[in-house]
Amino acid sequence: MTTVSIPAGWPATEEQARAVQDRLRERVVLDEPGPPPGTGHVTGVDVAYDDERDVVAAAAVVLDAATLAVVAEATAVGRISFPYVPGLLAFREIPTVLAALDALSRPPGLVVCDGYGLAHPRRFGLASHLGVLTGLPTIGVAKNPFAFTHDDPAPARGSAAPLLDGPEEVGRALRTRDGVKPVFVSVGHRVDLDTACAHVLRLTPRYRLPETTRLADSLCRRALRDSVGR
DNA sequence: GCGACAG
DNA sequence: ATCTTGTCGC
């Protein structure tokens, strides 16, 4: 497990953070299909907080995309680098997530983030931000529709409906289990939306949320507990 | 102007 | 995100 500090020059205000997003957004690549589902590695990243202690723990879990077997894991802890502000989530999570990714012994392949990519007020959510900084293909899978709208997908697993920001499609409400609330998929970097959804369906053989995020979630919570003991 | 709003 | 035990159900 590695320890990270807040990077020099990290935004200190919302205005600065939005300026960073506006600048980095130009580097997002949207014209690649992305890695074929079921091949190579798929990596889940997630973060847990202890606001009381000002500590954040991140985890990265690498799965074999064909079997969903875990092939590598890493964690990192650091200080909380930004308050939670809707639309600026990346500034709270990214330094520690980058450290966890760096600590992996295997290449991550496609990275699955908790949250959004293109589905973002300025079209630059956490998944897009992480993709631009690492160069890796990324997608976002969120549990809530944020401020976006969507029709209810048909009840069967695999059904989907556009996730809309006004008239613009920014992602997809994707039903991963029969009759269960959908997840909200959006493109991060170097992956198209159809491919992103195909990956998410392969990652949900049993539960609503992808195995990647389930495993990363439990690992970062454990790392947070272990960082102080309890 | 105010509230809502990924995690 | 987080506060939080047992409990109902497959």
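Just so it is clear: chains get the letters A, B, ... in the order the sequence lines come, proteins before strands, and each one is counted from 1. Predicted model only: the values in this text are computed from it and were never measured.
Here dA1(C) presents its P atom at 13 Å from CG of L126(A), a figure rounded to the nearest Å. Between the CZ atom of R221(A) and the P atom of dT4(C) there is a distance of 14 Å, rounded to whole Å. Remark: C1' of dA1(C) and CG of D217(A) are 10 Å apart, rounded to the nearest angstrom. If you take CZ of R225(A) and P of dT4(C), they are 15 Å apart, rounded to a whole angstrom. A straight line from CG of L89(A) to C1' of dG7(B) spans 5 Å, rounded to a whole angstrom. If you measure from atom CD of E52(A) to atom C1' of dT2(C), you get 11 Å, rounded to the nearest angstrom. When rounded to the nearest whole Å, the span between CG of D50(A) and C1' of dC3(C) equals 12 Å. The distance from atom OH of Y49(A) to atom C1' of dT2(C) is 12 Å, rounded to the nearest whole Å.
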Each nucleotide N or O in nucleotides 2-5 of chain B that has a protein N or O under 3.5 Å away: list the pair and distance.
none

- request: I would like to know whether F184(A) and H150(A) meet ring-ring contact (aromatic ring centres under 6.0 Å, His included); could you show each step before the answer?
  value: CA-CA 10 Å; F184(A) 304 91; H150(A) 63 91; 5.2 Å; yes
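Taking every side-chain heavy atom of L224(A) into account, dT2(C) is the closest of dG7(B), dA6(B), dT2(C).
Each of T43(A), L104(A), V62(A) was checked for a side-chain contact (heavy atoms from CB on, under 4.5 Å) with V71(A), and the lone residue meeting it is V62(A).
Within the 4.0 angstrom heavy-atom criterion, no nucleotide atom of any strand lies near L163(A). Within 4.0 Å of A119(A), counting heavy atoms only, lies no atom of the nucleic acid at all. The residue D46(A) sits close only to the backbone: its heavy atoms come under 4.0 Å of sugar-phosphate atoms, none of a base. The residue G87(A) sits close to a base: some heavy atom pair falls under 4.0 Å.
For the pair R214(A) and Y207(A), the cation sits on the ring face: its NZ or CZ lies under 6.0 Å from the ring centre, inside 45° of the axis. The side-chain tip of R18(A) does not point at the ring of F124(A) from less than 6.0 angstrom away and within 45° of straight on.
One finds a side-chain N or O of K143(A) lying less than 4.0 angstrom from the OP1 or OP2 phosphate oxygen of dG7(B).
For Y84(A) and E93(A), the side-chain atoms include no donor-acceptor pair closer than 3.5 Å. With no hydrogens or angles considered, a side-chain donor-acceptor pair links R157(A) and T204(A) at under 3.5 Å.
Counting heavy-atom neighbours within 6.0 Å of D22(A) CG, excluding the residue itself, gives a total above 12.
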